[in-house]
Participant: 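Sharing a structure, written as structure tokens. Questions coming.
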Amino acid sequence: MDILYYVIVAAATLLIVAPITWCIASAYHKKVDGKKIGSAEDRSREIIDEALKVAETKKREASIEAKEEILRTRNELEKETKERRAEIQKYERRVLSKEEALDKKTETLEKREAGLVQREEVLSKRTQEVEELNKQRVQELERISGLTSEQAKEYLLKTVEDEVKHDTAKLIKELDSRAREEASKKAKEYVVTAIQKCAADHVAETTISVVQLPNDEMKGRIIGREGRNIRTLETMTGVELIIDDTPEAVVLSGFDPIRREVARIALEKLIVDGRIHPARIEEMVEKARKEVETMIREEGESALLEVGVHGLHPELVRLLGKMKFRTSYGQNALKHSIEVAHLSGLLAGELGVDVRMAKRAGLLHDIGKSVDHEIEGTHVQIGSDLCKKYKESAIVINAVESHHGDVEATSIISCIVQAADTISAARPGARKETLETYTTRLKQLEEITNNFKGVDKSFAIQAGREIRVMVIPEQINDDNMVLLARDISKQIENELEYPGQIKVSVIRESRVVDYAR
């Protein structure tokens, strides 16, 4: 109860004291606020007065600056205007001077035009006069010379043609001489270098093979009873056996060297074996064929290794090996091809072209000769077809086609192969000709030259390597001799096949004879 009493007293006291305290505090705050408000209003009025003063000052300064800016701008504009006016006046003076110059030029051109018109009139009159004088001159010349203008023109043209012909022949002779000197010098250097580096043996091939016998009694065994052994051997090999009085020897004769080689090997095996009868002959011939076929492949591969050519089709390798048994004018075709390959490589090295390609083309240039007795056509065409069939390059194909001049050479390698082929064929001792072929070539040489107009006689000398042509002096002059020699050379190149080169010498002889009495 005491606690409650105290609480109620405290609450009543609080209720009485709180409003009094609030009233006192409110009055105090109002008094303080009133003082603050009064001082703030005074301060605001002072700030406003200062702001007005500053604004007025700024306004005056801005007005002064604006006036100064306007004055400066006006001065600049006046200055710029004066400069522009000066430039315009300068341009006006230049334009006026140009107009004056143009006026003067126009007057000058008009005067010149008038002078040209007068000159044209004068020239026209003079041209007419010249034409009339020319007509009179032509008529007078025709009257004096007794020739018409057409005849005189033909005479002049003939004179000019003779002069041009003379100059042409002279120029051709000079250029030909110069070119021959330079080309001959370079060619000799290249060829001599290539030949010195290439040493090749020359073995004359024949169309017969000789088999030595241990004794003459073996001849009877080879012939056999009623000749059955020799008939069997000839039938199986296609080679003729010649058994005559030659002591201890049998001659095998045949056009095909492969068949002749098969027969030789088979006969030697039969002689060693001693058992000679038809069944044994057939067995030995078959073994000999296999042995020759192996030999052909080995020879082809050996040629590739010797030359340094790789990547050749196996069939081309086999055909190369077959060329061991093929000859041309007594020269072995495979040895010739290897020699041409070496020479081509050496010449290519001297000229700075692809040596491997040159060797490849040189090795394959006569590949057609391996089957030219089996397929119709020239060995050039056959070789070209074989190279195309076995995917050889265009350079090799062109070298094969052009090495005898049948097709135009399209690369320097083709020219190198052609030169190497000629070198190999023309070497002393490399080839031999039959008497009939030799005499036919000489006769053809003389016939070709005798058919030319103005040729009196011709003589093939130096084993057909030079043809001397005697001309009729009244029909062939010195200038025509140069042209005649070129024409004869071209026709010989087109119609004849020959190793090396043929020299054409045209001789024109004039003699004057008198007697002192």
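For reference, positions follow the sequence shown, starting with 1.
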Participant: Do the charged groups of Lys369 and Asp366 touch, with an N to O distance under 4.0 Å?
Facilitator: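 Salt bridge between Lys369 and Asp366, a charged N being under 4.0 Å from a carboxylate O: yes.
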Participant: Give a yes or no on whether the backbone of Ile338 and the side-chain of Glu306 come within a donor-acceptor separation of less than 3.5 Å.
Facilitator: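 No; zero donor-acceptor contacts below 3.5 Å.
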Participant: Which is it for Arg280 and Asp273 under the side chain to side chain contact (heavy atoms under 4.5 Å, CB included) test, yes or no, and what are the steps along the way?
Facilitator: CA-CA 10 Å; Arg280 189 65 177 170; Asp273 184 66; 3.1 Å; yes
Participant: Kindly indicate, with the supporting measurements, whether the criterion side chain to side chain contact (heavy atoms under 4.5 Å, CB included) is fulfilled by Val353 and Leu347.
Facilitator: CA-CA 9 Å; Val353 297; Leu347 290 172; over 6 Å; no
Participant: Within the structure provided, determine whether Lys324 and Ile296 are in side-chain contact (heavy-atom separation under 4.5 Å).
Facilitator: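 No, every pair of side-chain atoms sits at 4.5 Å or beyond.
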Participant: Taking the side chain as C-beta and beyond, is there a heavy-atom pair between Ser458 and Ile467 under 4.5 Å?
Facilitator: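 Answer yes - side chains close enough.
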Participant: Would you tell me whether Gln381 and Asp385 have side-chain atoms, one donor and one acceptor, within less than 3.5 Å of each other?
Facilitator: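 The criterion, which ignores hydrogens and geometry beyond distance, is satisfied for Asp385 and Gln381.
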Participant: How close do Ile367 and Leu316 get, counting heavy atoms only, and between which atoms?
Facilitator: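 Where Ile367 meets Leu316 most closely, the heavy atoms are CD1-O, 4.0 Å.
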Participant: Heavy atoms, side chains only, cut-off 4.5 Å: are Glu301 and Val317 in contact?
Facilitator: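 In contact.
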Participant: To the nearest 0.5 angstrom, please state how far the CD atom of Glu401 sits from the OG1 atom of Thr378.
Facilitator: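 Separation between the atoms: 10.0 Å.
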Participant: Taking only Lys NZ, Arg NE, NH1 and NH2, and the carboxylate oxygens of Asp or Glu, determine whether Glu121 and Arg119 approach each other closer than 4.0 Å.
Facilitator: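 No salt bridge links Glu121 with Arg119.
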Participant: Salt bridge between Glu283 and Lys287, side-chain N to carboxylate O under 4.0 Å?
Facilitator: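 Lys287 and Glu283: salt-bridged.
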Participant: Measuring from atom CD of Gln491 to atom CD1 of Ile488, what distance do you get when rounded to the nearest 0.5 angstrom?
Facilitator: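 It comes to 8.5 Å.
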Participant: Checking Glu282 against Thr232 for the side-chain hydrogen bond (donor to acceptor under 3.5 Å, both in side chains) test, could you report, in this order, the C-alpha distance in whole Å, the side-chain angles of both residues, the deciding distance, and whether it holds?
Facilitator: CA-CA 8 Å; Glu282 291 180 4; Thr232 302; over 6 Å; no
Participant: Are Val469 and Val471 close enough that some pair of their side-chain heavy atoms sits under 4.5 Å apart?
Facilitator: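 Counting from C-beta outward, Val469 and Val471 do come under 4.5 Å.
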Participant: Could you tell me whether a side-chain N or O of Arg360 sits under 3.5 Å from a main-chain N or O of His310, the two making a donor and an acceptor?
Facilitator: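 It does hold such a pair.
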Participant: If we count only N and O atoms by modelled type, under 3.5 Å, do the side chains of Glu466 and Ser505 hold a donor and an acceptor together?
Facilitator: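 Result is yes, a qualifying pair exists.
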Participant: Rounded to the nearest 0.5 Å, what's the gap from OG1 on Thr410 to CG on Asn398? Could you check?
Facilitator: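 Rounded to the nearest 0.5 Å, the OG1-CG separation comes out at 3.0 Å.
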Participant: Are Ile276 and Ile281 packed together at the side-chain level, in the sense that at least one heavy-atom pair is separated by less than 4.5 angstrom?
Facilitator: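 Counting from C-beta outward, Ile276 and Ile281 do come under 4.5 Å.
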Participant: Which is it for Arg264 and Glu268 under the salt bridge (Lys or Arg N to Asp or Glu O under 4.0 Å) test, yes or no, and what are the steps along the way?
Facilitator: CA-CA 6 Å; Arg264 184 187 68 80; Glu268 288 179 351; 2.9 Å; yes
Participant: Taking all heavy atoms of Val307 and all of Ala341, pick out the closest pair and write down the distance.
Facilitator: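 Shortest heavy-atom contact: CG1-CB, 3.6 Å.
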Participant: Less than 4.5 Å apart, any side-chain heavy atom of Gln136 and any of Leu133?
Facilitator: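 With C-beta onward as the side chain, the pair touches.
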Participant: Would Lys359 and Ser344 count as a side chain to side chain contact (heavy atoms under 4.5 Å, CB included) here? Give the steps.
Facilitator: CA-CA 6 Å; Lys359 284 186 175 182; Ser344 298; 5.7 Å; no
Participant: Heavy atoms only: give me the nearest Val292-Glu261 pair and the separation to one decimal.
Facilitator: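 Closest pair (atom of Val292, atom of Glu261, distance): CG2-CG, 4.0 Å.
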Participant: Where the side chain of Asn451 meets the backbone of Glu447, is there a donor-acceptor pair that is under 3.5 Å apart?
Facilitator: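 Yes, Asn451 side chain to Glu447 backbone: donor-acceptor pair under 3.5 Å.
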Participant: Taking Val380's backbone N and O only, do any of them form a donor-acceptor pair with Ser384's side chain (distance below 3.5 Å, no angle check)?
Facilitator: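 Flag not set: sc Ser384 to bb Val380 has no pair under 3.5 Å.
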Participant: Give me the atom names and distance for the closest heavy-atom approach of Glu446 to Phe459.
Facilitator: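 Taking Glu446 first and Phe459 second, the nearest heavy atoms are OE2-CA, 3.9 Å.
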Participant: Testing the basics here: between Ile265 and Ala288, what is the closest heavy-atom pair and its distance to 0.1 Å?
Facilitator: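 Minimum heavy-atom contact is CG2-CB, 3.9 Å.
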Participant: At what distance, to the nearest 0.5 angstrom, does OG1 of Thr237 lie from CD1 of Ile258?
Facilitator: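 Rounded to the nearest 0.5 Å, the OG1-CD1 separation comes to 13.5 Å.
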Participant: Apply salt bridge (Lys or Arg N to Asp or Glu O under 4.0 Å) to the pair Arg289 and Glu286, showing each step before the final yes or no.
Facilitator: CA-CA 5 Å; Arg289 282 202 181 101; Glu286 188 62 29; 3.8 Å; yes
Participant: Taking all heavy atoms of Leu386 and all of Gly368, pick out the closest pair and write down the distance.
Facilitator: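 Of all heavy-atom pairs spanning Leu386 and Gly368, the closest is CD1-CA, 4.5 Å.
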Participant: Check whether any side-chain N or O of His403 sits under 3.5 Å from a backbone N or O of Val400 as a donor-acceptor pair, and report yes or no.
Facilitator: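 Pair found, side chain donor or acceptor close to backbone of Val400.
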Participant: Go through the steps for Lys389 and His313 under the test side chain to side chain contact (heavy atoms under 4.5 Å, CB included), then give the verdict.
Facilitator: CA-CA 10 Å; Lys389 179 179 179 181; His313 193 279; over 6 Å; no
Participant: With rounding to the nearest 0.5 angstrom, report the CD1 to CG distance, Ile476 to Asp456.
Facilitator: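 If I round to the nearest 0.5 Å, the distance is 11.0 Å.
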Participant: Are the aromatic ring centres of His379 and His365 under 6.0 angstrom apart?
Facilitator: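 Ring centres of His365 and His379 not closer than 6.0 Å.
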Participant: Taking only residues two or more places apart in sequence or in another chain, which ones pass ring pair (Phe, Tyr, Trp, His ring centres under 6.0 Å) with His277?
Facilitator: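 Applying ring pair (Phe, Tyr, Trp, His ring centres under 6.0 Å) to His277 gives none.
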Participant: With side chains defined as the heavy atoms from C-beta onward, is the minimum distance between Met357 and Val396 less than 4.5 Å?
Facilitator: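 When only atoms from C-beta onward are counted, Val396 and Met357 do touch, with a gap below 4.5 Å.
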Participant: Stepwise, does the salt bridge (Lys or Arg N to Asp or Glu O under 4.0 Å) test hold for Lys322 with Glu299?
Facilitator: CA-CA 8 Å; Lys322 287 183 70 175; Glu299 288 292 336; over 6 Å; no
Participant: Hey, are the side chains of Leu364 and Leu312 touching, using non-hydrogen atoms and a 4.5 Å cut-off?
Facilitator: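 They are in contact (side-chain heavy atoms under 4.5 Å apart), so the answer is yes.
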Participant: From Leu319 CG over to Arg297 CZ, what is the distance, rounded to the nearest 0.5 angstrom?
Facilitator: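 So the CG of Leu319 and the CZ of Arg297 are separated by 9.5 Å.
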Participant: Decide, yes or no, whether a salt bridge links Arg231 with Glu234 under the criterion of side-chain N to carboxylate O below 4.0 Å.
Facilitator: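 Salt bridge absent between Arg231 and Glu234.
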Participant: Between Glu293 and Arg318 (salt bridge meaning N to carboxylate O under 4.0 Å), is one present in this structure?
Facilitator: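 A salt bridge is present here (some side-chain N lies under 4.0 Å from a carboxylate O).
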Participant: Test your reading of the model: is there a side-chain donor-acceptor pair from Asn134 to the backbone of Val130, 3.5 Å cut-off?
Facilitator: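 Side chain of Asn134 to backbone of Val130, a donor-acceptor pair under 3.5 Å: no, none is there.
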Participant: Quick one, Glu291 with Lys269, criterion salt bridge (Lys or Arg N to Asp or Glu O under 4.0 Å). Give me CA distance, side-chain angles, the key distance, then yes/no.
Facilitator: CA-CA 12 Å; Glu291 186 175 333; Lys269 288 181 178 295; 3.4 Å; yes
